[in-house]
Amino acid sequence: MKILRNTCVAIASAVMLGTFLPAGSAHADASVLGLEMGKSTVSELKNKFEVEEQGINQWSRGEMYSIDTAGIPIDGIKNALAIFNTDGKLDCVLLTIQKHRFDELSSSLQKKYKVTKKVKPFVGDSYVHFKDGKTLIELDAPHMSFAMTLIYMQEDFKKSFKTGVKAEEDQKRQAESDVL
């Protein structure tokens, strides 16, 4: 009975993470929580999950929603955030999960997506980065944390994020320089 329950939990987790497709299905963009990156809409998210609006994302300029994790059958999930672009399409999903699941989730993701970078030292930060079409998937487990992040994001979102962070850092350096 316990084996059957664990198998059902593993299958449900795989389905919710989008870690497998039915046999013979055509390749689609990466999906997570049953939502397709770059295609799913705010209304699709609201139809699947209990959500709470979190405002406008500073990088995508689209709406953000926290997802009630009680409706997500992934063991160890702590937080979930969905970010949309200005066209109302899913741009980024950020999941915070207990770090002890790193190897298990990394293995599942490696079966589906192309690994672009992998670091797993005996001691230190561990991460695996994947790519599927225009979707980047990053599983990051900081050394001194009990939690890790699993992020699915469109390439354009990451580009906007990196550009925005660099501009903020430049502005901060300039402000510091001005007071010296």
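As a basis for the values below, the full set of heavy atoms in this structure was taken, side chains included, without hydrogen atoms, waters or symmetry mates.
Under the 4.5 Å side-chain heavy-atom criterion for grouping Ile, Leu, Val, Met, Phe, Trp and Tyr, Leu109 is connected to Val115 within one hydrophobic cluster. Tracing side-chain contacts under 4.5 Å through hydrophobic residues (I, L, V, M, F, W, Y), one never reaches Phe49 starting from Ile151; they form parts of separate clusters. Note on Leu35: it clusters hydrophobically with Val42, by side-chain heavy-atom contacts below 4.5 Å among ILVMFWY residues. Hydrophobic cluster membership is shared by Ile77 and Tyr152, with clusters built from Ile, Leu, Val, Met, Phe, Trp and Tyr side chains linked at under 4.5 angstrom.
Remark: Tyr113 OH to Ser108 OG distance equals 10.5 Å, nearest 0.5 Å. The OG atom of Ser66 sits 10.0 Å away from atom CD of Glu53, with the distance rounded to the nearest 0.5 Å. Here the straight-line distance linking atom CD of Gln54 with atom OH of Tyr65 works out to 10.0 Å at 0.5 Å rounding. If you take NZ on Lys111 and OG on Ser106, they are separated by 10.5 Å, rounding to the nearest 0.5 Å.
Counting only distance, with no hydrogens or angles, the side chain of Lys117 and the backbone of Glu138 share no donor-acceptor pair below 3.5 Å. Here the side chain of Thr69 pairs no donor or acceptor atom with the backbone of Ile72 at under 3.5 angstrom. A donor-acceptor pair under 3.5 Å is absent between the side-chain atoms of Ser177 and the main chain of Arg173, judged by distance alone.
For the pair Leu136 and His129, the minimum side-chain heavy-atom distance is 4.5 Å or more. Counting heavy atoms from C-beta outward, Leu95 and Leu33 have side chains that approach closer than 4.5 Å. For the pair Asp125/Asp140, no side-chain contact is recorded, criterion being any heavy-atom separation below 4.5 Å from C-beta on. Side chains of Leu105 and Leu139 form a contact here, defined as non-hydrogen atoms less than 4.5 Å apart. Side-chain atoms of Val32 and Leu150, non-hydrogen and from C-beta on, never get closer than 4.5 Å to each other. For the pair Glu52 and Asp68, the minimum side-chain heavy-atom distance is 4.5 Å or more. Residues Thr135 and Met153 have side chains not in contact (no heavy-atom distance under 4.5 Å, counting atoms from C-beta outward). Contact check for Ile67 versus Leu45: side-chain heavy atoms found under the 4.5 Å cut-off.
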Could you tabulate the donor-acceptor pairs under 3.5 Å formed by side-chain atoms of residues 78-90, not counting sequence neighbours?
unit_1	atom_1	unit_2	atom_2	d
Asn85	OD1	Asp87	N	2.9
Asn85	OD1	Gly88	N	3.1
Asn85	OD1	Lys89	N	3.0

For residues 159-169, which side-chain donor-acceptor pairs fall under 3.5 Å, sequence neighbours excluded?
unit_1	atom_1	unit_2	atom_2	d
Ser160	OG	Asp156	O	3.1
Thr163	OG1	Lys159	O	2.9
Lys166	NZ	Asp170	OD2	3.0
Glu168	OE2	Gln58	NE2	3.0

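Scanning all heavy atoms of the two residues, the minimum distance from Phe157 to Ser60 falls at CD1-CB, 3.9 Å. The shortest heavy-atom contact between Val128 and Phe130 is CG1-CZ, 3.1 Å. Looking at every heavy atom in both residues, Phe102 comes nearest to Met148 through N-CE, 3.5 Å. Contact detail for His143 and Val123: the closest heavy-atom pair is CE1-CG1, 3.4 Å. When all heavy atoms of Ala147 and Pro142 are compared, the closest pair comes out as O-CD, 3.7 Å.
Atom CD of Glu176 has more than 12 heavy atoms from other residues, nucleotides or ligands within 6.0 Å.
The pair Asp132-Lys112 fails the salt-bridge criterion, with no side-chain N (NZ, NE, NH1 or NH2) lying under 4.0 Å from an Asp/Glu carboxylate O.
Residues passing the side chain to side chain donor-acceptor pair (under 3.5 Å) test with Glu50, sequence neighbours excluded: none.
Counting only N and O atoms by type, the side chains of Gln110 and Ser107 include no donor and acceptor under 3.5 Å apart.
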